[in-house]
Trainee: 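Here's a structure for you.
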Amino acid sequence: MIPSAYTPSQIALYESHISLPTRFHTTSSPPLDITYLTALHIHQISSAPYENLILHYSQHHSVSLDPQVLFEKIVGDKRGRGGYCMENSIFFNHVLRALGWEVYMVGVRIRPRVGGVPGGAYIGWVHIVNIVTLPTGEKYMLDVGFGGDGATKPLPMISGATVQNLGSQEIRLIHSTIPEQINQSQKLWIYQYRNGADKEWNSFYAFPETEFLAADFEIMNFYTSQKQGGTNFQTRTVLIVRFLRGKVEGGVGLEEGIVGKVMLVNGEVKRNDGGKTSVVKICKTEEERVAALKEYFDIDLTEEEIAGIRGRNVELIEA
């Protein structure tokens, strides 16, 4: 197996950074089971938000996928930062490999939202997830970089197996095909969610089991970080999703789980505590949005980063 980019001392810093319970620290030699994997997933997404601020609040407006750059950004800088899908998932992949998990990454096709829900055709490879195989042979999909309606825990790769997500939301994977395929014999794993047992399932993204490599992610990253217009929302939208961790009951031997989320979409801050989403603040200026980053997401930007958004298409300018 190709070794992780991270050293034992970096992993120790990571475990502290995400407030991982000591029974799951490497020094405690936890078994590689679903309880440990779930704890890592929960603490990862509640400590490293899904966010694309580097595309807007920087001087270079580009994204590095170098594992050491990612480690410094997410852990070393201690400024509340995470990253968008490829940043968070590649970072987490190296963490998992360093901890001894059998894991690899795959590319994902998504369906853009139409009227707030996934709709229309699947687009190209713009997202990635991790696939972990437990020592007992079970496979799980882990998505730590999707935000919004993403999975808050590992999802078993068993077609149709329903898992409770945040609040009344349910999620699952089905092994099927998408309409855009010419060859309908090649099945994909399709991620679906529904906001209640009486609701319709929404198909959000699809992925194969074929491993994608670092060279593939560089190409995907160039598109998502640089492409203007079309289906690429990253360069025209400021986004953050921070999942909230708290006490839960009925978990897989865990005391904490995901109990809510706080989101920023351009100038609007929203919160969901497991029920209905509500707007908590509307930012009309850059000063208000920068202050909201600190107040609601505990994200500190440098003066140089703040200056990077001036003149950009997403800059907030009060009318």
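Given the structure is predicted, the values throughout are model-derived calculations rather than measurements. Positions are given from 1, in the same order as the sequence printed here.
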Trainee: Quiz question: by atom type and distance under 3.5 Å, do the side chains of His60 and Ser62 form a donor-acceptor pair?
Mentor: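 Short answer, yes.
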
Trainee: When you compare the side chain of Leu239 with that of Phe233, does any pair of heavy atoms fall below 4.5 Å?
Mentor: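 Contact flag for Phe233/Leu239 side chains = yes.
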
Trainee: For a 4.5 angstrom cut-off between non-hydrogen side-chain atoms, does Val290 reach Glu305?
Mentor: no

Trainee: Give a yes or no on whether the backbone of Asn183 and the side-chain of Gln186 come within a donor-acceptor separation of less than 3.5 Å.
Mentor: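 Between the backbone of Asn183 and the side chain of Gln186 there is no qualifying donor-acceptor contact (under 3.5 Å).
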
Trainee: Ignoring hydrogens and angles, tell me if any N or O in the side chain of His94 forms a donor-acceptor pair with the backbone of Ser89 under 3.5 Å.
Mentor: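 Absent.
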
Trainee: Kindly give the heavy-atom pair with the smallest separation between Ile128 and Met105, and that separation in Å.
Mentor: CD1-SD, 4.1 Å

Trainee: Can Gln234 and Lys227 be said to form a side-chain contact (heavy atoms from CB on, under 4.5 Å), step by step?
Mentor: CA-CA 9 Å; Gln234 297 286 358; Lys227 170 69 175 178; over 6 Å; no

Trainee: Using side-chain heavy atoms (C-beta onward) and a distance below 4.5 Å, is Pro21 in contact with His43?
Mentor: yes

Trainee: Write down the atom of Leu301, the atom of Leu53, and the distance for their closest heavy-atom approach.
Mentor: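 Taking Leu301 first and Leu53 second, the nearest heavy atoms are CD2-CD1, 4.5 Å.
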
Trainee: Would Leu188 and Thr177 count as a side-chain contact (heavy atoms from CB on, under 4.5 Å) if you check the C-alpha gap in whole Å, the side-chain angles of each, and the deciding distance to 0.1 Å?
Mentor: CA-CA 6 Å; Leu188 304 172; Thr177 58; over 6 Å; no

Trainee: Please answer whether the main-chain N or O of Val241 pairs with a side-chain N or O of Lys261 as donor and acceptor at a distance below 3.5 Å.
Mentor: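 Not at all, since once roles are kept as given, no pair shorter than 3.5 Å links the two residues.
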
Trainee: Determine whether a donor-acceptor pair (N or O, by modelled atom type, separation under 3.5 Å) exists between the side chain of Gln184 and the backbone of Ser176.
Mentor: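 Checked: no pair found.
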
Trainee: So which atom in Thr235 and which in Gly229 form the shortest heavy-atom distance, rounded to 0.1 Å?
Mentor: OG1-N, 4.5 Å

Trainee: How long is the gap from CD1 on Ile258 to OG1 on Thr152, to the nearest 0.5 Å?
Mentor: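 Ile258 atom CD1 to Thr152 atom OG1 measures 6.0 Å (nearest 0.5 Å).
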
Trainee: State whether a side-chain donor-acceptor pair under 3.5 Å links Gln164 with Gln169.
Mentor: no

Trainee: Give every residue pair that meets the side-chain hydrogen bond (donor to acceptor under 3.5 Å, both in side chains) criterion with at least one member in residues 95-107, sequence neighbours excluded.
Mentor: Asn93-Arg97

Trainee: Between atom CE of Met157 and atom OG1 of Thr133, what is the distance when rounded to the nearest 0.5 Å?
Mentor: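 Taking CE in Met157 and OG1 in Thr133, the distance rounds to 8.0 Å.
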
Trainee: For the residue pair Ser19 and Arg245, establish whether any side-chain heavy-atom pair is separated by less than 4.5 Å.
Mentor: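 Ser19 reaches Arg245 side chain to side chain.
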
Trainee: My understanding is that a hydrophobic cluster links ILVMFWY residues whose side chain heavy atoms are under 4.5 Å apart, including indirect links. Using that, what else belongs to the cluster containing Val279?
Mentor: Ile282

Trainee: Between the main-chain N or O of Gly82 and the side-chain N or O of Lys73, is there a donor-acceptor pair closer than 3.5 Å?
Mentor: yes

Trainee: Do Leu96 and Val132 come close enough that some side-chain heavy atom pair is under 4.5 Å?
Mentor: yes

Trainee: Centres of the Tyr191 and Phe204 rings: under 6.0 Å?
Mentor: no

Trainee: Do you know which two heavy atoms are closest between Leu316 and Glu286, and how far apart they sit?
Mentor: N-OE2, 2.8 Å

Trainee: For residues 106-113, which side-chain N or O atoms pair as donor and acceptor with protein atoms under 3.5 Å away, sequence neighbours left out?
Mentor:
residue	atom	partner	partner atom	Å
Arg111	NE	Gly120	O	3.0
Arg111	NH1	Ser203	O	2.9
Arg111	NH2	Gly120	O	3.3
Arg113	NH1	Gly116	O	2.8
Arg113	NH1	Asp149	OD2	3.2
Arg113	NH2	Asp149	OD2	2.7

Trainee: Looking at Gly83, is its backbone amide N or carbonyl O close enough to the side chain of Asn88 to form a donor-acceptor pair, meaning the two atoms are under 3.5 Å apart?
Mentor: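 Side chain of Asn88 to backbone of Gly83, a donor-acceptor pair under 3.5 Å: yes, one is there.
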
Trainee: Any chance the side chains of Asp143 and Tyr205 put a donor and an acceptor closer than 3.5 Å?
Mentor: yes

Trainee: Mind running side-chain contact (heavy atoms from CB on, under 4.5 Å) on Leu37 and Ile34 for me, showing each step along the way?
Mentor: CA-CA 5 Å; Leu37 189 63; Ile34 188 56; 4.2 Å; yes

Trainee: Using ring centroids (six-membered ring only for Trp), state whether Trp125 and Tyr223 fall under 6.0 Å.
Mentor: no

Trainee: Going by heavy atoms in the side chains, are Leu70 and Asp66 under 4.5 Å from each other?
Mentor: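 SC-SC contact between Leu70 and Asp66 ruled out.
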
Trainee: I need the minimum non-hydrogen distance between Tyr36 and Leu32, along with the two atoms involved.
Mentor: CE2-CD2, 3.8 Å

Trainee: Has Asn221 got a side-chain atom pairing as donor or acceptor with Leu65's backbone, closer than 3.5 angstrom?
Mentor: no

Trainee: Just by modelled atom types, is the Trp189 backbone N or O under 3.5 Å from a matching donor or acceptor in the His175 side chain?
Mentor: no

Trainee: Applying side-chain hydrogen bond (donor to acceptor under 3.5 Å, both in side chains) as the test, list every pair that has at least one member in residues 308-319; sequence neighbours left out.
Mentor: none

Trainee: Assess the pair Phe71 and Tyr6: is the distance between their ring centroids shorter than 6.0 Å?
Mentor: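 Yes, the ring centres sit under 6.0 Å apart.
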
Trainee: With a 3.5 Å distance limit and no angle check, can you tell me whether Ser58 reaches the backbone of Ile54 through a side-chain donor-acceptor pair?
Mentor: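 Present.
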
Trainee: Glu170 and Gln192: side-chain hydrogen bond (donor to acceptor under 3.5 Å, both in side chains), yes or no, with the steps?
Mentor: CA-CA 8 Å; Glu170 296 178 335; Gln192 298 182 322; over 6 Å; no

Trainee: Give a yes or no on whether the backbone of Thr237 and the side-chain of His56 come within a donor-acceptor separation of less than 3.5 Å.
Mentor: yes

Trainee: At their closest point, which heavy atom of Ile190 faces which heavy atom of Ala206, and how far apart are they?
Mentor: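 Smallest heavy-atom distance, with atoms named: CG1-CB, 4.1 Å.
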
Trainee: Using side-chain heavy atoms (C-beta onward) and a distance below 4.5 Å, is His17 in contact with Glu15?
Mentor: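 Sidechains of Glu15 and His17: no contact.
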
Trainee: Under the ring pair (Phe, Tyr, Trp, His ring centres under 6.0 Å) test, which residues partner Tyr14, sequence neighbours left out?
Mentor: Phe91

Trainee: For residues 291-299, dump all side-chain donor-acceptor pairs below 3.5 Å to protein atoms at least two apart in sequence or in another chain.
Mentor:
residue	atom	partner	partner atom	Å
Lys294	NZ	Asp298	OD1	2.9
Lys294	NZ	Asp300	OD2	3.3

Trainee: Could you tell me whether Glu255 and Arg23 make a salt bridge, using a distance below 4.0 angstrom between a side-chain N and a carboxylate O?
Mentor: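 Yes, Glu255 and Arg23 are salt-bridged.
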
Trainee: Salt bridge or not between Lys281 and Glu288? Use side-chain N to carboxylate O under 4.0 Å.
Mentor: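 Salt bridge absent between Lys281 and Glu288.
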
Trainee: For Tyr57, which of Glu51, Glu304, Arg289 qualifies under side-chain contact (heavy atoms from CB on, under 4.5 Å)?
Mentor: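 Among Glu51, Glu304, Arg289, the one that satisfies the side-chain contact (heavy atoms from CB on, under 4.5 Å) with Tyr57 is Arg289.
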
Trainee: Quick one: are Asn232 and Thr224 in side-chain contact, heavy atoms under 4.5 Å?
Mentor: yes

Trainee: Verify side-chain contact (heavy atoms from CB on, under 4.5 Å) between Asp77 and Glu72, making sure each step is shown before the conclusion.
Mentor: CA-CA 6 Å; Asp77 278 352; Glu72 186 62 23; 3.1 Å; yes

Trainee: For His127 and Phe146, take the angle between the two ring planes, folded into 0 to 90°, and tell me which bin it lands in: parallel under 30, tilted 30 to 60, perpendicular over 60.
Mentor: tilted

